[in-house]
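The structure presented is a predicted model; accordingly, all values stated were derived computationally and were not measured. So that the names make sense, note that chain A is the first sequence line, chain B the second, and so on, each numbered from 1.
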Number of protein chains: 2
Amino acid sequence: MLMHTKMAPESATINSVFGIGLQAELQNRLHETSSLHYLGAHEMVFMEGDDNENVYEVVEGVVILSKLTADGRRQVTGFVYPGQLFGVSLGDSSGYTAETVTAVRLRRYPYQSLDQSMDLYPSLGRRFLRWTSNELVAAQNQMLLLGRKSAMEKLASFLLHLSERSEAQDRDPARLFVPMTRGDIADYLGLTTETVSRTISRFRQLGIIELRERGYIHVCDFDRLTDFAEDEGCLH
Amino acid sequence: MLMHTKMAPESATINSVFGIGLQAELQNRLHETSSLHYLGAHEMVFMEGDDNENVYEVVEGVVILSKLTADGRRQVTGFVYPGQLFGVSLGDSSGYTAETVTAVRLRRYPYQSLDQSMDLYPSLGRRFLRWTSNELVAAQNQMLLLGRKSAMEKLASFLLHLSERSEAQDRDPARLFVPMTRGDIADYLGLTTETVSRTISRFRQLGIIELRERGYIHVCDFDRLTDFAEDEGCLH
DNA sequence: CGCCATGTTGATCTAATTCAATAACTGTGG
DNA sequence: CCACAGTTATTGAATTAGATCAACATGGCG
């Protein structure tokens with residue numbers, strides 16, 4: 001599979017959880033026990049119910065995490081971008097499914113060896129703890145979005161989030177890479193495909209965004225988009 | 001304030017995060033740096049936006065955690081029961097508000113001293129990591145609930161959750177202690193007070209639950225309640 | 001080209017919200 | 001102990017945001 005060419009435009013790993021700041025010794029140790037994996041678009045990494053013994057780092061591409069109800073309704077719990085982890089299911093995990101959205105380069109760390117490394121290098125445990133804490137904050141924000149925001153507010157928040165991500169990766173914050181389908185976005189925001197499509201159309205009609213290239217959304221008016229997001233904050 | 005009497009019926013700390021399993025030495029150390037606090041019902045512990053420098057353990061009573069949108073809509077992100085922690089906002093926290101639901105006994109641990117203890121006792125860091133991981137799993141389940149479940153499914157899931165909690169505290173799993181208001185429940189489940197009230201009424205009419213004592217809900221038919229919960233699981 | 005997945009748009013429909021009225025319960029002070 | 005004020009809960013009627021159903025467009029790819 002020649003996915004290097006396809007992945008090229010979306011590379012650049014900047015703020016890795018396992019990135020700069022770790023002792024070289026630890027970095028080597030982690031590197032040794034890990035392995036690189038390449039997957040095409042729309043492939044499964046692991047399924048809800050599997051007992052996954054690994055932590056994955058996305059090196060390149062986008063991964064989608066989701067959970068299902070018994071009758072097949074899906075909730076997307078997150079999109080994972082380069083430098084971020086998934087698969088950390090310590091504790092009495094209930095599990096989720098991880099699939100690729102784009103072609104993806106992954107680094108796999110067996111959980112057992114990370115566990116051992118944590119004994120030797122407390123800084124690793126710290127970093128993990130910090131990471132899960134941040135995930136928890138993100139999860140709480142998503143609960144606010146799912147439970148209390150309108151379709152327009154949801155979409156606006158989502159687009160602004162993509163923009164931050166874009167900026168964090170030193171790329172144009174107005175040119176949003178949106179490789180996931182409308183259905184994926186819908187399942188992330190607690191909406192239907194149709195509503196996502198309609199809401200995007202409305203933002204387009206309002207001149208807030210433009211759909212120039214397929215797979216990208218261009219933000220024209222950040223101010224009005226921010227107004228719609230009606231975001232977090234009793235920052236009195 | 002004589003709240004000992006009022007709190008008596010809801011005591012018993014069983015599965016504390018800082019409970020059995022920690023070295024005695026560490027336990028002492030934690031105990032020394034911590035302090036006990038008593039609060040009445042409906043008091044604020046800290047507000048969204050405050051930079052909170054502490055981790056709290058609920059010793060007795062129930063605490064409610066919530067976030068607000070700019071225009072005042074509220075999302076309850078969780079209820080905290082005896083033995084559980086809140087206030088862990090490492091990382092680039094955005095914060096939330098913590099208020100008491102009932103009269104509450106809290107143990108406060110300054111974050112800084114926990115941090116130091118983690119250096120000396122890696123087991124503490126482990127325990128924290130395990131705890132945040134479990135919180136993350138709970139958060140993902142809540143996202144599924146908020147994004148994809150109907151009002152009846154939400155209520156059924158909530159009641160079953162309370163039942164598990166009740167059982168975990170060695171109390172009757174059919175007699176649910178529900179000290180929070182319908183509004184609190186609504187803000188937790190992404191509904192309105194009226195819908196929560198109506199849905200409870202419907203379960204009552206169906207003979208699935210009974211409202212005998214104020215502040216409690218009695219489950220009569222777990223099987224049908226479980227059917228309604230339409231719960232997590234592609235446990236193929 | 002023609003197939004299949006994805007996306008858009010329109011016309012209904014409905015679950016839950018909103019608005020409104022009343023009831024029940026809590027606590028407070030005379 | 002009771003009245004009355006305030007919060008909390010219930011129930012009904014009207015409204016609506018978003019879902020569902022349906023038709024068609026687009027676009028990538030063998």
Side-chain angles (χ1 to χ4, degrees), chain A residues 1-3 5-6 40-43 64 69 71-75 99 101-103 145-156 178-205 209-217 228 230, chain B residues 1-3 6 40-43 64 71-75 99 101-103 145-156 178-205 209-217 228 230:
Chain A
M1 299 183 204
L2 296 170
M3 53 206 55
T5 47
K6 294 189 86 175
H42 311 296
E43 289 192 41
I64 184 171
T69 58
D71 65 345
R73 283 168 285 174
R74 184 175 71 148
Q75 178 65 43
E99 293 159 284
V101 173
T102 62
L145 178 146
L146 289 168
R148 289 289 175 240
K149 290 189 185 177
S150 70
M152 288 207 112
E153 289 168 350
K154 285 174 174 180
L155 235 302
V178 187
M180 60 291 279
T181 67
R182 300 291 185 256
D184 290 339
I185 298 170
D187 287 345
Y188 183 54
L189 301 178
L191 300 169
T192 58
T193 335
E194 294 95 324
T195 303
V196 169
S197 189
R198 270 187 254 273
T199 307
I200 287 176
S201 293
R202 265 184 90 191
F203 279 137
R204 202 150 50 87
Q205 283 156 18
I209 60 171
E210 272 178 24
L211 305 185
R212 298 188 207 129
E213 326 158 62
R214 188 160 184 75
Y216 289 86
I217 294 178
F228 273 115
E230 180 58 67
Chain B
M1 298 182 203
L2 297 170
M3 53 204 54
K6 294 192 84 170
H42 311 295
E43 289 192 41
I64 185 171
D71 65 347
R73 283 168 286 173
R74 185 175 72 147
Q75 179 64 43
E99 291 159 283
V101 173
T102 63
L145 179 145
L146 289 168
R148 289 292 175 236
K149 291 190 184 178
S150 70
M152 289 208 112
E153 290 167 349
K154 284 174 175 180
L155 235 302
V178 187
M180 60 291 280
T181 67
R182 300 289 186 259
D184 291 339
I185 298 171
D187 287 345
Y188 182 54
L189 301 178
L191 299 170
T192 59
T193 337
E194 295 95 323
T195 303
V196 169
S197 189
R198 271 187 254 273
T199 307
I200 287 176
S201 294
R202 267 186 87 192
F203 279 137
R204 203 149 51 85
Q205 284 157 17
I209 60 172
E210 272 178 25
L211 305 186
R212 298 188 206 130
E213 326 157 63
R214 188 161 183 77
Y216 289 86
I217 294 178
F228 274 114
E230 180 60 69

Using atom [atom1] of [X] as one end and atom [atom2] of [N] as the other, report the distance to the nearest whole Å.
X: D187(B); N: dT8(D); atom1: CG; atom2: C1'; answer: 14 Å
X: E194(A); N: dA23(D); atom1: CD; atom2: P; answer: 14 Å
X: E213(B); N: dC25(C); atom1: CD; atom2: C1'; answer: 16 Å
X: L211(B); N: dA23(C); atom1: CG; atom2: P; answer: 19 Å
X: R182(B); N: dA23(C); atom1: CZ; atom2: P; answer: 19 Å
X: I200(A); N: dT8(C); atom1: CD1; atom2: P; answer: 6 Å
X: D184(A); N: dG7(C); atom1: CG; atom2: C1'; answer: 13 Å
X: L146(A); N: dG18(D); atom1: CG; atom2: P; answer: 13 Å

Could you give the distance from [atom1] ([X]) to [atom2] ([Y]), rounded to the nearest 0.5 Å?
X: R148(A); Y: D187(B); atom1: CZ; atom2: CG; value: 4.5 Å
X: L191(B); Y: R182(B); atom1: CG; atom2: CZ; value: 13.0 Å
X: I217(A); Y: E210(A); atom1: CD1; atom2: CD; value: 11.5 Å
X: T199(B); Y: L155(B); atom1: OG1; atom2: CG; value: 5.0 Å

Within 6.0 Å of CZ in R202(B), more than 12 heavy atoms from elsewhere = no
When G183(B) and T192(A) are each assigned the nearest nucleotide of DNA chain D, the 5'-most assignment goes to G183(B)
According to a strict under-4.0 Å criterion, is S150(A) in side-chain N/O contact with OP1 or OP2 of dA17(D)?
-> no
Just compare [options] and give me whichever is closest to any side-chain atom of [X].
X: S201(B); options: dG18(D), dT17(C), dT10(D); result: dT10(D)
X: T181(A); options: dG7(C), dA9(D), dT9(C); result: dG7(C)
X: L191(A); options: dG7(C), dA19(D), dT17(C); result: dA19(D)

Pair of N/O donor and acceptor under 3.5 Å linking dT18(C) base with R198(B) side chain = yes
Is a donor-acceptor contact shorter than 3.5 angstrom present between the side chain of R214(A) and the base of dG7(C)?
-> no
Specify the residue among R148(A) and Q205(A) whose closest nucleotide of DNA chain C lies further upstream toward the 5′ end.
-> Q205(A)
Determine the contact category for G190(A): base if any of its heavy atoms lies under 4.0 Å from a base atom, sugar-phosphate if only primed atoms, P, OP1 or OP2 are that close, otherwise nothing.
-> sugar-phosphate
